[in-house]
There are 2 protein chains.
Amino acid sequence: MEETPADQQHLAWLARSFGRPDYLPLSPEDLSTLSEAGEIIKKYPGTHIFKEGDSATAAFLIREGEVDLYRGPTDQREVVGRVGPGAVIGDIAMFSGQPYISSSRAVGHVTAFRFDRDRLLPKLAVSPAITLRWLVASLTQLERTQRRVLNLMHKTVLAQVAGLLVNEADDRGEVALSQATIATLLGASRQSVNEALNELKRRGQVETGYRLVRVLDEKKLRLVAAED
Amino acid sequence: MEETPADQQHLAWLARSFGRPDYLPLSPEDLSTLSEAGEIIKKYPGTHIFKEGDSATAAFLIREGEVDLYRGPTDQREVVGRVGPGAVIGDIAMFSGQPYISSSRAVGHVTAFRFDRDRLLPKLAVSPAITLRWLVASLTQLERTQRRVLNLMHKTVLAQVAGLLVNEADDRGEVALSQATIATLLGASRQSVNEALNELKRRGQVETGYRLVRVLDEKKLRLVAAED
DNA sequence: CCGGGAATGTAAGGAACCCGACAGTTATAC
DNA sequence: GTATAACTGTCGGGTTCCTTACATTCCCGG
């Protein structure tokens, strides 16, 4: 089998995306196996990758761009999360054989790898290493979600906002979310988020702009997130 | 290899414990493989199965009894959940090679199956079906936790209590938890839980006793849980 | 360059909930 | 069988946060 440089790059990227690279690294054969279980797809901003209730025939590995996950009807949608490159979505529904539990919509231009259920399962049945890696990835996600439960339970909106900013900031310390989106992500009201951001701005720990928050003092922000 | 009736029973129980039995059922060889990766252990009430921060060398599958999961120091512990037969605990830490994230304590007499990491991983590496089943189990747990996040975000204490009662009730409709425990499970105060239970009692949907809540009208209780 | 839609800023009133305190009740251990 | 710890029931003050409402600012397409 001959492979172009682009393929190589893609396969290497696949290897990095699943969990810690030092833990049971995928062999080159494993990578090939995985790449044959689906295709790369591209989505325009605002389009759906899958919708709540659809039969779950595939899972998706985000390569580029960001994706919003939400539940409920369009007029009163409830954002469940926003994920970026490296995230796997739709796998819960696909593996458990149930309809998708949430809808996913591309925020910007999105490139993803689609794993087709019928092609993936036979491959996994003969590739324990990949299955194990996928298991570890899902358990890591589970742990993250459990931590989120603990945060939601006892922390004030101020601490929650600080925590979200630290987690979601890119390498330039910027978070490109509207205050309304931050509010739904935290399950708070837009006004409370606005008030919290004002407090952080007053303390000189962040700057705010249109659809944008810039982290100025990550260290202090982490302290605020740990309070309460 | 000769197997006693007790072994057979145990292996069959293992098969039922992991997710939906109609989905990729384990073969008898898989069951044997799994049973060789650890031993059955028994724990007295109040004793620890593992403690937060310990090196995670094993995961546990609960066979009988209930287990409390909690985090933080003993004097101000924070209950993360209570699990019964069929639940797998400690697997997150074990697979990701990190110390246990929470402590687990036997509520009553507990029988569990201990999977030793060093014996389990080689078995899984050659048994994709088991790994896949484990993956499905963890994803199901992830979905449950995500649902809990949604509940915590927008629902009132009354609705949360109603939901917990419906989920935790045994076949006689009884929930043997103290109001304080219910409160920590929901991240609410004991007083608020007490107030909610009074309201449900006033409506004739539950009865309360010492360390006990009895569900009288599950149907209406589900409606209350869905409100808000 | 300007109009409309989207996002941000601000304020007041009220609901839900937490905290501290204490009295009454039930289980459990000695 | 009694002491003690654990649990339930209840009250009032205080806080956080939501809701409603409206003014202002910003972006983008024509």
Side-chain angles (χ1 to χ4, degrees), chain A residues 45-46 68 74-79 107-108 150-165 174-202 206-214 224-225 227-228, chain B residues 44-46 68 74-79 82 105 107-108 151-165 174-202 206-214 224-225 227-228:
Chain A
D68 268 346
T74 317
D75 57 336
Q76 51 175 350
R77 72 174 59 148
E78 192 174 11
V79 179
V107 176
L150 293 182
N151 281 354
L152 284 172
M153 287 205 309
H154 296 299
K155 303 216 168 171
T156 118
V157 172
L158 182 67
Q160 290 184 41
V161 170
L164 181 138
L165 292 178
E174 292 185 351
V175 180
L177 297 173
S178 80
Q179 298 181 3
T181 305
I182 295 177
T184 40
L185 285 177
L186 296 177
S189 73
R190 186 186 62 78
Q191 290 88 331
S192 296
V193 171
N194 181 254
E195 191 185 2
L197 283 174
N198 281 341
E199 174 63 21
L200 294 176
K201 195 161 49 177
R202 198 186 57 73
V206 303
E207 278 176 3
T208 64
Y210 192 81
R211 269 177 176 281
L212 182 86
V213 182
R214 197 190 322 276
V224 174
E227 277 172 17
D228 217 345
Chain B
Y44 290 104
D68 269 346
T74 317
D75 57 336
Q76 51 175 351
R77 69 175 61 147
E78 192 173 10
V79 179
R82 166 170 294 189
R105 206 171 60 94
V107 177
N151 281 355
L152 283 173
M153 287 204 311
H154 296 300
K155 304 217 168 171
T156 128
V157 173
L158 182 67
Q160 290 183 42
V161 169
L164 180 139
L165 291 179
E174 293 185 351
V175 180
L177 296 172
S178 79
Q179 298 183 4
T181 305
I182 295 177
T184 38
L185 285 177
L186 297 178
S189 73
R190 185 185 62 78
Q191 290 91 327
S192 298
V193 170
N194 181 254
E195 193 186 0
L197 284 174
N198 282 340
E199 174 63 19
L200 294 176
K201 196 161 48 177
R202 198 187 57 73
V206 303
E207 278 175 1
T208 64
Y210 191 81
R211 267 178 177 280
L212 182 86
V213 182
R214 196 190 323 275
V224 173
E227 277 172 16
D228 218 348

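Computed from a predicted structure; not experimentally measured. Chain naming here is simple, since letters A, B, ... match the order of the sequence lines and numbering starts at 1 in each.
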*Tell me: CD of A:Q179 to C1' of D:dT25, nearest whole Å?*
12 Å

_Length of the NE2-P vector between A:H154 and D:dC17, whole Å_ = 14 Å

*If an axis is fit to five pairs at each end of the helix from C:dC1-D:dG30 to C:dC30-D:dG1, what is the angle between the two, to the nearest 10°?*
50°

Pairs under 3.5 Å (N/O, protein and nucleotides 10-12 of chain C):
from	atom 1	to	atom 2	distance (Å)
C:dT10	OP2	A:N198	ND2	3.4

_Separation between CG of A:L185 and CG of A:D68, rounded to the nearest 0.5 Å_ = 7.5 Å

*So, is A:T181 close to the C:dA7 phosphate, meaning a side-chain N or O under 4.0 Å from OP1 or OP2?*
no

*Quick one: is A:S189 getting a side-chain N or O under 4.0 Å of the D:dC18 phosphate, OP1 or OP2?*
yes

*Side chain of A:Y210 only, please: which of D:dC26, C:dG9, D:dG9 is the nearest?*
D:dC26

*asked:* Between P on C:dA7 and CD1 on A:I182, what's the gap in Å once rounded to a whole number?
replied: 12 Å

_Go nucleotide by nucleotide along DNA chain D from the 5' end; which of B:A180 and A:A188 gets its closest nucleotide reached first?_
B:A180

_Looking at B:T156, I'd like to know whether one of its side-chain N or O atoms comes within less than 4.0 Å of OP1 or OP2 on C:dC17._
yes

_Distance check, rounded to the nearest 0.5 Å: A:R190 atom CZ versus A:Q179 atom CD?_
7.0 Å

*Write down the distance between CZ (B:R202) and P (D:dG9), rounded to a whole number of angstrom.*
15 Å

*asked:* What's the closest nucleotide to the side chain of A:S192 if the choices are D:dT8, C:dT8, D:dC18?
replied: D:dC18

*asked:* If I compare all heavy atoms of A:A162 with all of A:A225, which pair ends up nearest, and what's the gap?
replied: CB-N, 3.9 Å

*Shortest non-hydrogen contact between B:A159 and B:E227, atoms and distance*: CB-O, 4.2 Å

*asked:* In whole Å, I'd like the distance from the CD atom of A:Q160 to the C1' atom of D:dC17.
replied: 11 Å

*May I have the distance from A:K155 (atom NZ) to D:dC17 (atom P), rounded to whole angstrom?*
13 Å

_Rounded distance (Å) that lies between atom C1' of D:dT25 and atom CG of A:L197_ = 16 Å

_Tell me which one of B:L200, B:V224, B:L177 satisfies side-chain contact (heavy atoms from CB on, under 4.5 Å) with B:L165._
B:L200

